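Notes to accompany the following structure.
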Amino acid sequence: MRKSFRYDNVPVLETTSGKLKGYFYDGTYIFKGVPYAYADRFQMPVPSKWTGVKDATSYGYVCPLMTQDKPTAELLVPHRYWPMDEHCQNLNIWTTALDREAKKPVIVWFHGGGYAAGSSIEQVAYDGRNMCVEGDAVVVSVNHRLNILGYLDLSPFGQKYENSGNAGHADMVAALQWIHNNIALFGGNPENVTIFGQSGGGMKVADLMQIPAADGLFHKGLIMSGVSDASMMPSCQGNGEKIVGAMLAELGLTDADVEALETLPYPELVRVYTKVMPDVAGT
């Protein structure tokens with residue numbers, strides 16, 4: 001059977017961020033790379049805003065990885081390696097109805113990879129079309145900051161970095177807030193949102209269940225692995241003073257120069273962190 005594709009007659013949606021246009025394919029309306037927030041490095045996300053009509057037909061950037069990914073086990077679970085950028089706060093939506101009265105359940109996917117790697121489109125299986133159609137639900141997948149972009153704690157170096165050690169999770173909360181504010185446009189019920197994730201994504205679900213800012217933004221959670229006792233992820237003490245101080249010293253800088261890390265090219269930021277981290281971790 002021939003599959004149907006439409007773009008020109010797909011309506012423009014007026015979201016809280018701006019006008020948005022996706023496409024229709026094989027029974028599903030699809031919106032890719034929708035910016036839910038914006039954040040400068042180490043800073044809290046702020047709601048996204050744009051002018052004109054935002055084209056949502058291509059996946060957005062994924063968070064840069066600290067190491068080069070190596071294709072492996074691609075036979076049955078092929079991966080997608082995608083352009084990377086620090087400004088990766090975007091989400092993807094699959095729905096069968098652009099109708100506020102549809103009130104379909106909403107399911108939001110948080111990818112695995114610990115808090116260091118992965119993306120919302122890393123595996124071909126992360127495409128939400130089948131789940132959307134077979135489950136009669138609105139499916140959303142989320143990209144957010146990872147690794148040292150999302151979790152390097154600079155809080156000892158100034159109030160502006162107060163939440164830098166949790167920026168990746170702040171992105172997730174911002175995504176859930178955008179979904180809450182806008183998902184009715186896509187036929188979803190903002191009062192019936194389920195978050196789910198596998199491995200590191202399961203850990204993110206457990207975390208979001210304990211973050212006050214996420215209260216009321218979702219109603220159910222599914223954890224697919226990512227559960228263990230304290231032996232896997234023991235409670236950490238202290239802050240990022242030692243690791244960030246060591247990074248600055250490696251660069252020949254002082255604590256007063258901490259803002260230089262905001263503009264340091266990402267590969268250099270990774271190099272410095274990777275070099276000093278083993279010694280700091282051993283102290």
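Please read all numbers here as calculations on a predicted model, not as lab measurements.
- Residues H219 and G216 come closest through the heavy atom pair NE2-O, 3.8 Å.
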side-chain hydrogen bond (donor to acceptor under 3.5 Å, both in side chains) between H79 and E74, worked out: CA-CA 7 Å; H79 287 62; E74 299 294 319; 3.1 Å; yes

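- A donor-acceptor pair under 3.5 Å links the side-chain atoms of W50 to the main chain of K19, judged by distance alone.
- Side chain of E162 to main chain of G158: no donor-acceptor pair is present (N/O by atom type, distance under 3.5 Å, no hydrogens or angles).
- The two residues V138 and F186 come nearest to each other via the heavy atoms CG2-O, 3.5 Å.
- With a 4.5 Å cut-off on side-chain heavy atoms, P64 and L149 count as touching.
- At a cut-off of 3.5 Å, with distance as the only test, no side-chain donor of S119 or W82 sits close to an acceptor on the other residue.
- Judged by distance alone, the side chains of S120 and N92 do bring a donor and an acceptor atom under 3.5 Å apart.
- Closest approach of I179 and V108 over heavy atoms only: CD1-CG2, 3.8 Å.
- Hydrophobic cluster membership is shared by M247 and M277, with clusters built from Ile, Leu, Val, Met, Phe, Trp and Tyr side chains linked at under 4.5 angstrom.
- In this structure, CG on L154 lies 11.0 Å from CD on E241, to the nearest 0.5 angstrom.
- Partners of N9 according to the side-chain hydrogen bond (donor to acceptor under 3.5 Å, both in side chains) rule, which considers only residues two or more places apart in sequence or in another chain, are R6.
- Here the side chain of N182 pairs a donor or acceptor atom with the backbone of W178 at under 3.5 angstrom.
- Here the closest non-hydrogen pair linking A175 and V142 is CB-CG1, 3.8 Å.
- For the residue pair N239 / S155, no side-chain donor-acceptor distance below 3.5 Å is found, with atom types taken as modelled.
- Judged by the 6.0 Å distance and 45° axis criteria, K204 is not positioned over the aromatic ring of F110.
- A distance-only check finds a donor-acceptor pair linking the side chain of Y36 to the backbone of N143 [under 3.5 Å].
- Partner of V244 under the side chain to side chain contact (heavy atoms under 4.5 Å, CB included) criterion, chosen from V276, D255, L152: L152.
- Under the 4.5 Å side-chain heavy-atom criterion for Ile, Leu, Val, Met, Phe, Trp and Tyr, Y161 and V272 are members of the same hydrophobic cluster.
- Summarising the geometry, atom CG belonging to N166 is positioned 5.5 Å from atom CD1 belonging to I211; distances are rounded to the nearest 0.5 Å.
- At least one donor-acceptor pair under 3.5 Å links the side chain of K49 to the backbone N or O of T16.
- Both L208 and Y151 belong to a single network of hydrophobic side chains, linked directly or stepwise wherever heavy atoms of I, L, V, M, F, W or Y lie under 4.5 Å apart.
- In this structure, the side chain of S48 engages the main chain of P35 through a donor-acceptor pair within 3.5 Å.
- L251 has its side chain out of reach of D257: every pair of non-hydrogen atoms, C-beta onward, lies at least 4.5 Å apart.
- Taking hydrophobic clusters as Ile, Leu, Val, Met, Phe, Trp and Tyr residues chained together by side-chain heavy-atom distances below 4.5 Å, L91 shares a cluster with V205.
- If you check the side chains of Q89 and H144, you find no donor sitting under 3.5 Å from an acceptor.
- Hydrophobic cluster membership is shared by V34 and V193, with clusters built from Ile, Leu, Val, Met, Phe, Trp and Tyr side chains linked at under 4.5 angstrom.
- Remark: aromatic rings of H87 and Y38 are close, center separation under 6.0 Å.
- Counting only distance, with no hydrogens or angles, the side chain of R100 and the backbone of A184 share no donor-acceptor pair below 3.5 Å.
- In this structure, I107 CD1 and L222 CG are separated by 9.0 Å, a value rounded to the nearest 0.5 Å.
- For F5 and F24, the ring centers are positioned 6.0 Å apart or more.
- Of the candidates Y115, Y266, Y273, N147 forms a side-chain hydrogen bond (donor to acceptor under 3.5 Å, both in side chains) with just one, namely Y266.
- Aromatic ring centres of Y23 and Y29 lie farther apart than the 6.0 Å criterion allows.
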Please report the C-alpha distance between Q198 and S225 in whole Å, then the side-chain angles of each, then the deciding distance to 0.1 Å, and finally whether the side-chain contact (heavy atoms from CB on, under 4.5 Å) criterion is met. CA-CA 6 Å; Q198 178 266 340; S225 77; 4.0 Å; yes

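- Remark: R41 engages E86 in a salt bridge, criterion side-chain N to carboxylate O under 4.0 Å.
- Side-chain contact annotation: H169 with D207, donor-acceptor N/O pair under 3.5 Å present.
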Which is it for H180 and F218 under the ring-ring contact (aromatic ring centres under 6.0 Å, His included) test, yes or no, and what are the steps along the way? CA-CA 8 Å; H180 179 80; F218 67 95; over 10 Å; no

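- V280 and A246 make their closest contact through CG2-CB, 3.8 Å (heavy atoms, listed as atom of the first residue, atom of the second, distance).
- Q177 is listed as a side-chain neighbour of L217, based on a closest heavy-atom distance under 4.5 Å.
- Between L146 and C63, the closest heavy-atom pair is N-SG, 3.2 Å.
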What verdict does the side-chain contact (heavy atoms from CB on, under 4.5 Å) test give for L248 and T254, after you've listed the backbone C-alpha separation in whole Å, the side-chain angles of each residue and the deciding distance to 0.1 Å? CA-CA 6 Å; L248 291 169; T254 69; over 6 Å; no

After noting the C-alpha distance and the side-chain angles of F196 and W109, does the key distance pass the ring-ring contact (aromatic ring centres under 6.0 Å, His included) rule? CA-CA 5 Å; F196 73 124; W109 170 252; 4.9 Å; yes

Kindly determine whether K104 and D136 satisfy salt bridge (Lys or Arg N to Asp or Glu O under 4.0 Å), including the steps that lead there. CA-CA 7 Å; K104 296 177 181 289; D136 193 25; 2.4 Å; yes

Assess the residue pair D55 and L20 against the criterion (side-chain contact (heavy atoms from CB on, under 4.5 Å)); give the C-alpha distance rounded to whole Å, side-chain angles, the decisive distance to 0.1 Å, and a yes or no. CA-CA 6 Å; D55 181 89; L20 188 69; over 6 Å; no

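- A donor-acceptor pair is defined here as one N or O able to donate and one able to accept, closer than 3.5 Å; no such pair exists between the side chain of R145 and the backbone of A170.
- Using a cut-off of 4.0 Å between Lys/Arg side-chain N and Asp/Glu carboxylate O, E250 and K275 are scored as salt-bridged.
- Going from atom OG1 of T28 over to atom CE of M131 covers 13.0 Å, rounded to the nearest 0.5 Å.
- Looking at K160 and E259, a side-chain N of the basic residue comes within less than 4.0 Å of a carboxylate O on the acidic one, giving a salt bridge.
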Given side-chain contact (heavy atoms from CB on, under 4.5 Å), test L185 with L98 step by step and report yes or no. CA-CA 6 Å; L185 295 170; L98 302 180; over 6 Å; no

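- The distance from atom CG of N90 to atom CZ of F31, rounded to the nearest 0.5 Å, is 15.0 Å.
- Rounded to the nearest 0.5 angstrom, I30 CD1 and R129 CZ are separated by 8.5 Å.
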